[in-house]
Amino acid sequence: MDTQTISERFRALYGQEGTLYTSPGRINLIGEHTDYNGGFVFPGAVDKAMLAAIRPNGTERVRVWAEDLGEGSEFGLQEEDKPAEQWACYVFGVCREIQKRGYSIGGFDAVFSGDVPLGAGMSSSAALESTFAYALNDLWGLGIESFELARIGQATEHNYCGVMCGIMDQFASIHGKAGHLVRLDCRSMEYEYFPFDASKYGYRLVLLNSCVKHELVGSPYNERRLSCERVASMLGRDFLRGTTLEELEAIKERLSEEDYKRARYVVGEEARVLDVCRALEEGDLERVGQRMYETHWGMSRDYEVSCQELDFLVEIAEECGVSGSRIMGGGFGGCTISLVKEELYDRFITTATERFAARYGHAPKVIPVVISDGARRL
Ligand code: GLA
């Protein structure tokens, strides 16, 4: 992360020093599309993050510069001041959601940049929201507790960006801890850190970015959520969480094929997350890997959020004897996450790169996973 570039840009634009804040993107070992169903997720923050320099400017206006886009935006703090630039809505939304909760902030100047790949399923937008939520809370001494900061990011997605996401990404970005995954129960909001060091067992975690841009805004993501809500309400529940396959079968006739398959995926995924946690405690990484494959094919065939490029990467992983591999995040493009034995790693990366490039004309980007800390002031 280039703190110097950001600090210099801040000085050049505003003639002052800004305070530096950062918040990371995330991986998710398993537990996809379970968060908005009140289920479990198992993410960890990574060493790819958003970085911002920020300073209150004593006015009621926000001036923010997106270094990676070479573009600025200026807006006020009231509801009618929503900026035209989509990226600026993430910052604006955070300001609004803080104020809607009864806290008072003023205008500020900011510059931000990041190395979380966009549209890769690594939560670049949550990293941006969390950076600003954390920073504004700190700069104005608001005393908002960390869970609420995550909720502010999530509400920003809902109310200003059009994505009805769950809480996983913002939660992981704020609460991440180096060397640990965190299992979050999205119904009770209880969470537990699990030390995670694949190398201890002779494995590596790696992401392969297909570079197929996933775009959750205006995507069928929201439709998936609606399917789940329809099935849950038919079962007389708030969430799909806790539903058994038998219960689902019992109402199958009253569901559309599509809703049924989506719900079936979610029910299976809930069991898989819990099994992966047990497998980790037993040091059984092969079982973790098997569950990852099951998740992938469930997401592809039942939940229908994969794409041919990602299915292809997972097939290559299977053929290479990789322990586990699956699409990661919301879907519709982005990365696979793979659990690979050390001795297979080089061969897998070479094979995946060559075969993918031969078919799609570009190589997937290899992103080694380093599990890192969550939001902080630098
Ligand atoms: C996106 C959303 C999350 C979660 C995942 C799928 O990343 O922002 O809330 O639903 O998709 O697990």
E145 backbone acceptor or donor facing E148 side chain under 3.5 Å:
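Here the side-chain-to-backbone pair does not exist.
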Are the ring centres of F196 and F42 closer than 6.0 Å?
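Here the rings of F42 and F196 have centres that are no less than 6.0 Å from each other.
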Over 60° means perpendicular and under 30° means parallel, so classify the ring planes of Y191 and F147, tilted if in between.
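F147 vs Y191 ring planes: tilted.
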What is the ring orientation for H33 with Y303, classed by angle as parallel under 30°, tilted 30 to 60°, or perpendicular over 60°?
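Ring orientation, 0 to 90° scale: tilted.
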I'd like to know if the side chain of [X] pairs up with that of [Y] as donor and acceptor (distance under 3.5 Å, no hydrogens or angles considered).
X: H175; Y: S146; result: yes
X: R326; Y: T295; result: no
X: E67; Y: T5; result: no
X: E269; Y: T34; result: no
X: Y260; Y: E249; result: yes

What's the verdict on side chain to side chain donor-acceptor pair (under 3.5 Å) for Y360 and Q308, showing C-alpha distance, side-chain angles and the deciding distance?
CA-CA 10 Å; Y360 296 109; Q308 44 158 298; 2.9 Å; yes
Going by an N to O cut-off under 4.0 Å, is there a salt bridge joining [X] and [Y]?
X: E8; Y: R11; result: no
X: R287; Y: D284; result: yes
X: E281; Y: R278; result: no
X: D109; Y: R63; result: yes
X: K341; Y: E286; result: yes

Check for me, please, whether V340 and I27 land in the same ILVMFWY cluster - side-chain distances under 4.5 Å, paths through other members count.
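No; I27 is not reachable from V340 via cluster members.
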Are V305 and Y293 linked, directly or through other ILVMFWY residues, by side chains that come within less than 4.5 angstrom of each other?
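Yes, it is one cluster - the side chains of V305 and Y293 are joined through contacts under 4.5 Å.
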Run the side chain to side chain contact (heavy atoms under 4.5 Å, CB included) check on T336 and S210 step by step: do they pass?
CA-CA 8 Å; T336 58; S210 65; over 6 Å; no
Please confirm whether R359 makes a cation-pi placement over F312, using NZ or CZ under 6.0 Å from the six-membered ring centre and within 45° of the ring normal.
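Positive - R359 is close enough to the ring of F312 and near enough to its axis.
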Quick check: are there more than 12 heavy atoms from other residues, nucleotides or ligands sitting under 6.0 Å from CZ of R101?
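Atom CZ in R101 is packed in, count exceeds 12.
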Hey, which of E79, K82, Q86, E129 is the one that makes side chain to side chain donor-acceptor pair (under 3.5 Å) with Y160?
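Answer after filtering E79, K82, Q86, E129: E79.
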Please step through side chain to side chain contact (heavy atoms under 4.5 Å, CB included) for the pair M168 and S123, ending with a clear verdict.
CA-CA 10 Å; M168 168 169 70; S123 302; over 6 Å; no
